[in-house]
Amino acid sequence: MYVTGRLPLLVALGVVPVVLLSLAGVDAWLSAAGWVVLCAAAALGDAAAAADPRRVTVNRRMPHRVLLGQPVLSELVLRNGGTRSIHGRVRDAWQPTAGAPAERVPIDLPAGEARAVGIPLRPRRRGELRSAFVVVRSHGPLRLAGRQARIDAPGAIRVLPPFTARRHLPSRLARLRELDGSTSVQVRGQGTEFDSLREYVRGDDVRSIDWRATARSTITMLRTWRPERDRHVVIVIDTGRTAAARVGDGVRMDAAMEAALLLSALATRAGDHVHLLMFDRVIRARVTRVDGPGLLPALVDAMAPVEPQLIDTDWDAAFAQVRTLTSRPSLVVLLTAQDAAEAARGFLGSLPAVARSAHVLVGAVTGDADPLPERPDAADVYRAAAIERAVQDAAVVAAAIGRAGGEAIADTPDRLPPRIADRYLALKAAGRL
């Protein structure tokens, strides 16, 4: 049983005048007690007259997956199995990050019929969103009280990474088509594959002239080249404690996911094989042997439930897992944050073993340094000094990564994904991948 807001109002309407009379010297407390008893009896009778909400069955209609921040409609199909109509309200028990409205939805459910109720959602957090039950309230005829029932109706939606870096993909694909020979631009370098012969024009690299073909022809012939395919690109996302640091509107791991998705979309269009590993001390997500159109859905589905762990990453174990993905990686992209040389010793000590057999890119997410105000206070000066110290520490780590055989790229969450994609294209153009 529950009571509505009308019952306290009704009690107040009867009790307040009695209190005023009592203050004036009139003995009216007995009348007040009688009024309260009468209101309580009316509420009990109203609740008894309400239709039984336990006779309601609930089915759900909603998508199983949605992008972060994208509005989605979750429908409840309520069927009244009783003999009396239910007039009341319903509440779906989504967690707060689902973005469901706080108010209860009114329902009018005739006996033996079903009605659909829409619950708008706007997820504010990536991962699994769940609702275990629905609460149905049935008002009495007087709307003073009613009956309430909790009905088990489990439902779940997986909130996927938004992949906002997708906007950078068309321009990078155009560059990839140039490298792949779809346009007149051709590249040449160590590790590229012979494509075809064409006539030499002024400005072409003379090292690409095919002298045998030129001898058999009356014109100078040039060899054209295309980037090699079937390379193995391994992306490792660090899910340890440094991935939980907030940068901008999210955490570092969210930006790492954006960079991984953009690079994966580009690499699979280039004909390369992409492997994903999310790791701290155990495997949090793993995608391998998936190519073509199914790659991105598999990646976002694997990434969605992963959250940063407040533990240090075991890099020896992480690189051991890399070797289980493929025995011949051509490019290993490590998306991590190594902020201080002292804390990065384990990472730097394990890095040379991977760098000997593959080209290694280490991508790190950094924050924007806000300029000092015209009249800074002590907190502003301290914050600026901390940012400057972090920049210097990152530069020391980047230099150490270079000495270990890797290549460091650090930038803001918005700029890091396209920079890693551009570096991938540059390696393709140079014939190093």
Side-chain angles (χ1 to χ4, degrees), residues 62-74 95 97-99 121-130 155-170 172-173 176 232-240 243-244 247-280 282-309 321-322 325 331-336 363 365 413-421 424:
M62 60 184 179
H64 297 295
R65 290 170 175 78
V66 64
L67 294 179
L68 178 66
Q70 177 181 340
V72 63
L73 186 65
S74 170
Q95 57 214 77
T97 53
L121 305 177
R122 186 182 288 272
R124 300 193 298 268
R125 185 174 180 178
R126 176 182 44 76
E128 295 284 345
L129 296 179
R130 298 184 182 276
I157 293 179
R158 174 163 288 193
V159 183
L160 307 176
F163 193 15
T164 57
R166 188 190 298 269
R167 65 184 184 274
H168 301 292
L169 188 57
R172 273 66 189 180
L173 289 177
L176 180 63
H232 289 262
V233 178
V234 179
I235 303 173
V236 181
I237 298 180
D238 180 9
T239 58
V247 178
D249 295 332
V251 297
R252 279 173 167 163
M253 196 173 73
D254 293 335
M257 290 180 179
E258 291 290 318
L261 290 173
L262 181 61
L263 176 60
S264 300
L266 188 61
T268 193
R269 293 290 291 270
D272 291 337
H273 304 288
V274 177
H275 311 268
L276 172 72
L277 180 68
M278 302 184 73
F279 192 89
D280 41 72
V282 297
I283 298 174
R284 304 296 174 180
R286 184 175 184 267
V287 177
T288 186
R289 296 186 177 90
V290 180
D291 295 312
L295 177 62
L296 284 184
L299 290 176
V300 296
D301 198 52
M303 291 176 177
V306 180
E307 297 292 342
Q309 306 297 312
Q321 289 295 328
V322 169
L325 295 176
L331 175 66
V332 176
V333 180
L334 307 175
L335 298 172
T336 181
V365 181
D414 290 335
R415 295 195 290 263
L416 182 64
R419 282 196 62 187
I420 290 180
Y424 168 82

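Contact between I157 and P63 at its shortest, heavy atoms only, is CG1-O, 3.5 Å. Smallest separation of non-hydrogen atoms from V274 and S264: CG1-OG, 3.5 Å. Considering every non-hydrogen atom in both P123 and L129, the closest pair reads CB-CD1, 3.8 Å. Residue A255 comes nearest to V365 through the heavy atom pair CB-CG2, 3.6 Å, listed as atom of the first residue, atom of the second, then distance. For I283 against Q321, the heavy-atom pair with the smallest separation is CD1-OE1, 3.3 Å. Here the closest heavy-atom approach between residue L296 and residue A265 is recorded as CD1-CB, 3.9 Å.
In this structure the side chain of R269 never reaches within 4.5 angstrom of the side chain of R172, judged on heavy atoms. Put simply, the side chain of L261 reaches to within 4.5 Å of the side chain of P161, judged on heavy atoms. With a 4.5 Å cut-off on side-chain heavy atoms, I420 and L262 do not count as touching. V333 is not listed as a side-chain neighbour of Y424, based on a closest heavy-atom distance of 4.5 Å or more.
To the nearest 0.5 angstrom, L299 atom CG is 10.0 Å from M278 atom CE. Note that CG of L331 is 6.5 Å distant from CG of L263, once rounded to the nearest 0.5 Å. Rounding to the nearest 0.5 Å gives a distance of 11.0 Å between CD1 of I235 and CG of L277. Taking CG from D414 and OG1 from T164, the interatomic distance works out to 7.0 Å, rounded to the nearest 0.5 Å.
Every residue meeting the side chain to side chain contact (heavy atoms under 4.5 Å, CB included) condition with R166, not counting sequence neighbours, appears here in chain and number order: F163. Taking the salt bridge (charged side-chain N to carboxylate O under 4.0 Å, His left out) definition, one finds that D280 meets it with R284, sequence neighbours left out. Applying the side chain to side chain contact (heavy atoms under 4.5 Å, CB included) rule to R158 yields the partners R65, E128, L160, D301, A304, P305; only residues at least two apart in sequence or on another chain are considered. Q70 meets the side chain to side chain contact (heavy atoms under 4.5 Å, CB included) test with V66, L67; sequence neighbours excluded. With sequence neighbours excluded, the residues that form a side chain to side chain contact (heavy atoms under 4.5 Å, CB included) with R125 are T97, E307.
Looking at L334, T336, V306, L276 one by one, the single match for side chain to side chain contact (heavy atoms under 4.5 Å, CB included) with I237 turns out to be L276. Screening R286, H232, R289 against H275 for a side-chain hydrogen bond (donor to acceptor under 3.5 Å, both in side chains) leaves a single residue, H232.
Counting only residues at least two apart or in different chains, salt bridge (Lys or Arg N to Asp or Glu O under 4.0 Å) contacts with residues 251-265 comprise R126-D254, R252-D339.
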| field | Audit row: V282, Q309, side chain to side chain contact (heavy atoms under 4.5 Å, CB included) steps and yes/no | value | CA-CA 10 Å; V282 297; Q309 306 297 312; over 6 Å; no
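The closest donor-acceptor contact from the side chain of T239 to the backbone of P308 lies at 3.5 Å or more, if one exists at all. Under the 3.5 Å distance criterion, the side-chain polar atoms of Q95 are matched with a main-chain donor or acceptor of R130.
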